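Report on the following structure.
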There are 2 protein chains.
Amino acid sequence: MDVQRLELLRELADRGSVTAVAAATHRTPSAVSQQLKVLEREAGLPLTQRQGRGLVLTDAGRALARSATDVAVSLAKATALWDEFRNQASGEVSLVTFPTAGQMLLPGVITSLGPDLVLNCADEDPELSDFPAFTAEYDIVLAHSMSGALSWAGRGLTVVPLMTEPLDVGLPVGHPLADRAWVRPSDLIGETWIGVTDGYPFERILHAIEQEAGARLSMSQRFADLALIESFVIAGLGIALVPRYTSGGGQPGRLVLKPLRGVESERQIVALMRPDRAERLAVRTVIQSLQSEAARVQHSQAPQ
Amino acid sequence: MDVQRLELLRELADRGSVTAVAAATHRTPSAVSQQLKVLEREAGLPLTQRQGRGLVLTDAGRALARSATDVAVSLAKATALWDEFRNQASGEVSLVTFPTAGQMLLPGVITSLGPDLVLNCADEDPELSDFPAFTAEYDIVLAHSMSGALSWAGRGLTVVPLMTEPLDVGLPVGHPLADRAWVRPSDLIGETWIGVTDGYPFERILHAIEQEAGARLSMSQRFADLALIESFVIAGLGIALVPRYTSGGGQPGRLVLKPLRGVESERQIVALMRPDRAERLAVRTVIQSLQSEAARVQHSQAPQ
DNA sequence: CTACACAATGTAGCTACGCTACATGGTGCT
DNA sequence: AGCACCATGTAGCGTAGCTACATTGTGTAG
């Protein structure tokens with residue numbers, strides 16, 4: 001029973017095609033196909049079956065792939081253990097984030113890491129892409145979800161919560177609500193809103209506000225970029241829902257944030273990882289740094 | 001990080017010498033030495049060090065070997081999983097036992113196993129040898145320990161309790177105590193005893209009887225073989241402590257067993273295994289059969 | 001104290017496993 | 001029908017890991 005082959009099966013389960021596995025493991029598709037064939041012969045039962053021009057796993061194949069994960073995890077634990085004996089954490093760790101989390105956490109994290117540990121970061125648009133799928137490409141995936149809806153459960157991924165960030169109501173200076181300590185849904189119905197692109201998670205909270213207040217909100221614009229939204233708010237063109245810790249970065253003091261009461265208004269920021277990658281010492285080190293950085297941000301920044 | 005090499009390290013931890021590992025894995029000592037060298041180079045720190053003409057593990061080596069066990073376990077789980085998908089349990093399982101347990105359990109177990117599963121049994125004298133050490137050679141080791149003193153804990157072995165067998169007082173027919181329902185330590189002090197060889201576990205119970213009764217027992221003979229002891233008892237030459245379920249096999253009705261009250265008088269019969277071996281489907285099947293056979297014996301045999 | 005036995009480890013060479021490069025056979029899309 | 005794409009065969013190569021044999025170092029017996 002060969003571990004390499006099991007690993008290949010697991011990659012196939014994650015990536016869905018022989019070609020993708022080959023690319024990810026720096027091999028030719030032919031090599032992958034041959035190894036899977038050998039594995040199947042050893043197993044004595046079909047692990048894959050053709051579907052169209054692609055290949056999908058059978059039930060047996062999926063089950064084997066799942067236990068292949070356990071093997072990978074224990075192997076990763078072993079290498080992590082000996083990393084602890086030898087040097088400190090070293091090597092490369094790759095990470096994707098959605099823009100605001102990266103802006104908030106990554107600079108602090110990278111400066112806190114030793115010189116032997118290089119962190120390769122990238123950003124992706126949060127809603128355009130399937131974030132869990134990135135765990136195949138990146139060691140760490142920073143994702144956000146609305147409270148409660150932990151959509152990444154059950155996929156066999158390791159989920160580490162980093163922070164819950166409140167979503168406040170952003171107002172221009174001098175707005176009638178700007179001297180309140182907090183606002184309620186009913187305060188907001190007359191306002192002009194700068195909304196987010198359809199499908200963005202904030203959307204749900206806006207709906208909740210409408211439901212709570214019993215009236216529809218008037219949505220004048222719809223943007224994806226937060227800085228753009230903020231500039232509109234500052235310009236007095238409307239108000240918007242903005243994450244507390246990542247707002248007003250460009251123009252401090254010109255945007256007023258008010259906590260929203262009456263509806264649950266926050267997002268969970270989490271790190272997603274393949275279970276085996278999560279065991280690597282270097283990865284664990286980055287995760288710890290992310291956690292402490294998140295805690296620092298949460299303590300230092302208070303609502304205005 | 002190669003699993004084969006980790007496995008070799010683990011074998012070295014278990015067996016203590018390169019030559020033994022080589023013999024166990026069907027390789028030349030040179031091959032083992034080379035692989036360990038490579039592993040050490042990869043690890044970047046010494047895993048072994050010479051001691052005399054032999055080789056012992058360093059702390060780091062032991063730690064790595066321990067986590068190598070986890071890898072082996074998850075690998076074994078994977079193969080077991082797919083065995084469940086395919087045929088039923090098949091293959092070979094090796095087992096050592098001490099004589100009485102084998103006599104009591106093995107015939108029933110072997111007849112209960114399917115034709116695809118062959119169980120290779122052997123027996124060893126219980127006290128002459130270190131039973132846990134046999135887990136390197138055999139898949140399953142049947143061992144017994146006195147109650148409480150679970151001497152096999154903490155060695156990283158999987159322990160499955162099979163039964164607790166009471167140790168009764170064996171009497172010849174017509175003995176003054178033979179019509180009692182049970183006996184106490186104080187009843188036994190006048191008697192002539194047929195003892196067990198020094199160091200046998202029953203010894204402890206005899207000491208407990210002496211302590212409880214406040215007098216020494218007179219020990220006329222000391223034997224290792226149970227059948228021999230019984231024949232002496234039947235001949236009226238003394239009384240003895242005998243395990244309830246394995247006594248009187250040869251000459252039924254001529255030996256009377258009386259439960260002993262006032263001292264804890266029983267032995268634990270357990271199965272010992274390497275954790276990875278314990279995961280194999282064939283091994284688990286044998287263990288289950290052992291357990292049900294033990295339960296059957298315990299139910300069918302009652303004290304006379 | 002020399003000689004032998006035994007354990008680990010080097011060296012040379014062979015085998016076989018797993019890769020690449022290229023060709024082939026299906027399947028979906030235009 | 002033609003093209004693009006994916007999986008998979010085949011031939012051949014490189015190398016990892018084995019054996020056989022030699023070497024070194026350490027206990028043990030005569």
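Every chain is numbered from 1, with letters handed out A, B, ... down the list of sequences. Bear in mind the structure is a predicted one, so any value in this text is a computation, not a measurement.
- In this structure, B:L55 places its CG atom 13 Å from P of D:dT26, rounding to the nearest Å.
- Take the nearest nucleotide of DNA chain C for A:Q4 and for A:Q51: the residue whose nucleotide is more 5' is A:Q4.
- Here the CG atom belonging to A:L47 is positioned 10.5 Å from the NZ atom belonging to A:K37, to the nearest 0.5 angstrom.
- Atom CG of B:D2 is separated from atom C1' of C:dC17 by 13 Å (rounded to the nearest Å).
- In this structure, B:Q4 places its CD atom where only 12 or fewer heavy-atom neighbours from other residues, nucleotides or ligands lie under 6.0 Å away.
- Remark: C1' of C:dC6 and CZ of B:R53 are 5 Å apart, rounded to the nearest angstrom.
- Taking 4.5 Å as the limit, some side-chain heavy atom of B:I110 sits within range of a side-chain heavy atom of B:C121.
- If you take CE of A:M1 and P of C:dC17, they are 15 Å apart, rounded to a whole angstrom.
- Between B:R5 and the phosphate of D:dG17, there is a side-chain N or O to OP1/OP2 separation shorter than 4.0 Å.
- A heavy-atom distance below 4.5 Å is not found between the side chains of A:L39 and A:D2.
- Rounded to the nearest 0.5 angstrom, A:Q34 CD and A:L8 CG are separated by 11.0 Å.
- If you take CG of B:L12 and P of C:dA7, they are 14 Å apart, rounded to a whole angstrom.
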Quiz prompt | Worked check of side-chain contact (heavy atoms from CB on, under 4.5 Å) between B:T100 and B:I269 | solution = CA-CA 10 Å; B:T100 50; B:I269 298 180; over 6 Å; no
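- To the nearest 0.5 Å, atoms CD (A:Q288) and CG (A:L113) are separated by 11.0 Å.
- Separation of atoms CZ (A:R274) and CG (A:L157) is listed at 9.0 Å; rounding is to 0.5 Å.
- Interface residues of residues 17-44 of chain B facing DNA chain D, ordered by number: B:H26, B:R27, B:T28, B:S30, B:A31, B:Q34, B:Q35; criterion, heavy-atom separation under 4.0 Å.
- Summarising the geometry, the separation between CG on B:L47 and P on C:dA8 is reported as 16 Å, rounded to the nearest angstrom.
- For DNA chain C, each stem of at least three Watson-Crick or G-U pairs (distances under 3.5 Å) is given as range with range: C:1-30 with D:1-30.
- With rounding to the nearest 0.5 Å, the separation of CD1 in A:I287 from CG in A:D139 is 9.5 Å.
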